[in-house]
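Sequence lines set the chain letters: A, B, ... in the order given, protein chains first and strands last, and positions in each chain run from 1. Scope of the values below: all heavy atoms of this structure, side chains included, with no hydrogens, waters or symmetry mates.
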Amino acid sequence: MKVESVRGMRDILPEEAPLWQKLEAEIRAAFSLYGYGEIRVPLVERVELFSRGVGEETDIVEKQMYVFPDRKGLPLALRPEATASVVRAYVEHGLHATGDLAKLYYLGPMFRYEKPQLGRQRQFHQYGVEAIGSLDPALDAEVMDVAAYLMEKLGLDRKKLTLRLNTIGCREDRGPYREALRRHFLPQRADLCPDCQRRLEENPLRILDCKQPQCRSAIATAPKSLDHVCEACREHFTQVQEFVQALGIRYTLDSTLVRGLDYYTRTVFELCAEDLGAQDALLGGGRYDDLVGLLGGPPTPAVGFAGGMERLVLVLSGQGAPPGAAEPALDLYLVPIGGDAKRAGAKLLASLRRHGISADTDYMGRSLRKAMQVAGRSARYAAILGQDELARGEIKLKNLASGEEKAVGLSQFATDPALFLSG
RNA sequence: GGGAGCGUAGCUCAGUUGGCAGAGCACCGCGCUGUGGCCGCGGCGGUCGCGGGUUCAAGUCCCGUCGCUCCUCCCA
């Protein structure tokens with residue numbers, strides 16, 4: 001019976017893996033440069049971490065979370081995002097007790113039960129940073145700058161990126177603003193799409209980022225959060241914009257940007273790319289000043305963002321030369337002829353590798369001609385070892401680019417291979 | 001969640017009004033017995049996504065199902 005992969009779960013094959021490795025390396029380098037340290041949190045958490053942290057009424061928790069009981073009946077979830085886990089770890093290990101700002105980054109698989117399509121899998125990969133412990137508006141700007149810097153390093157065309165920015169105020173502002181939105185939308189209730197009619201009761205903020213044409217006119221005239229936030233939040237947002245401008249980051253104010261997770265407060269932002277069709281959001285984030293307290297820690301402000309790696313891979317593979325087509329991966333490919341040579345060759349290979357020479361040989365019983373063919377496309381040098389060479393204590397090295405061939409002493413080659421392999 | 005398209009060899013794809021399952025690439029062998037890239041000849045490789053149905057006969061038509069892709073929704 002053929003067993004196939006689970007829907008929405010995909011393999012990253014060796015052909016594609018180098019692109020992912022490059023992406024991961026760039027992400028780590030960028031975050032390190034900005035002073036963030038890696039944190040690795042579990043893929044599995046208690047369900048209530050997300051239902052409480054991310055929000056009971058969010059799409060993620062309501063219909064996208066992988067939930068299952070363990071053998072003792074404890075309700076567990078595969079993490080749909082990482083911020084809640086990072087904050088849990090922050091609280092659980094008393095990181096707040098250092099009195100310092102915690103600058104953390106992560107990288108890894110997340111799980112959401114969704115309809116899979118290009119750039120959106122059920123197991124997908126996110127990277128992100130969390131700066132926990134400061135309300136400084138300069139920090140909001142730094143988080144946006146590290147995101148912008150990463151995109152630059154990845155070679156994304158700045159002109160094709162749009163940073164959308166908004167403030168949704170603090171917890172105290174939320175109630176009055178919701179009421180203002182309800183008052184605005186209620187008279188037009190019948191004109192709204194079914195989803196938004198429901199949102200009017202549960203979470204009127206979410207109506208703002210509805211894309212249905214029928215809701216558009218009502219949204220256009222809706223009260224803006226900026227006009228309904230308190231003086232402190234307004235001042236914070238003003239300063240955030242001053243820092244963002246000072247950093248030279250292009251952005252547009254978007255009063256309809258509200259984000260899908262309940263934990264956001266004040267600053268929210270999203271970076272979108274053109275040419276990515278319906279899945280154009282590259283990363284999103286903002287402040288979550290209440291989450292640490294909500295999860296049992298002391299009141300602690302925080303800001304961060306998360307981005308999807310699948311979409312970056314799409315963008316990266318669409319630009320520049322496809323990887324894997326160019327350089328031979330190996331320094332040397334050994335072609336032994338006969339049983340004695342094979343044994344001597346095995347010993348030689350082990351020695352070469354211990355000298356840092358990447359080397360391989362044939363295990364498929366290929367003919368000499370076929371083995372040379374494999375050598376020609378996978379290595380810089382072919383090493384031919386047969387009875388003749390063995391009898392003389394030599395090995396033939398062939399430079400596969402130039403075709404030049406020379407015999408060298410076998411034992412000398414084994415002890416100091418670099419001497420004979422130029423370039 | 002709603003709508004549409006596509007599943008044929010490892011890969012990219014042909015397959016006519018229903019009538020013997022095909023090509024290119026890759027792989028293996030030979031020409032060239034111990035020397036790669038080029039060329040030529042030959043070979044291996046298929047439950048035609050899966051399950052039903054119609055028919056003398058189904059890759060082809062019908063129904064279901066699974067998967068992928070696109071639009072929409074949501075988002076990363």
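Heavy atoms of G128(A) sit nowhere under 4.0 angstrom from any nucleic acid atom. Residue Q117(A) is classed as a base contact, given a heavy-atom separation below 4.0 Å to a base.
Between I168(A) and R266(A) there is no side-chain heavy-atom pair separated by less than 4.5 Å.
Near RNA chain B, defined here as any heavy-atom distance below 4.0 Å, there are no residues from residues 146-168 of chain A. Contacts between residues 386-393 of chain A and RNA chain B, defined by a heavy-atom separation under 4.0 Å, are made by G386(A), Q387(A), D388(A), E389(A).
Counting only N and O atoms by type, the side chains of S422(A) and Y381(A) include a donor and acceptor under 3.5 Å apart. There is a side-chain donor-acceptor pair under 3.5 Å between D331(A) and S358(A). Side chain to side chain, D254(A) and T256(A) meet the donor-acceptor criterion of an N or O pair below 3.5 Å. Y251(A) and Q245(A) share a donor-acceptor pair across their side chains, judged by distance under 3.5 Å alone. Looking only at atom types and distance, the side chain of H355(A) has no donor-acceptor partner in the side chain of D416(A) under 3.5 Å away.
When the C1' atom is compared between rC50(B) and rU17(B), the two are found 28 Å apart, to the nearest whole Å.
Taking the six-membered ring for Trp, Y36(A) and Y105(A) have ring centres at least 6.0 Å apart.
The nucleotide range of RNA chain B contacted by chain A, defined by atoms under 4.0 angstrom from heavy atoms of the protein and reported 5' to 3', is rG2(B) to rA76(B).
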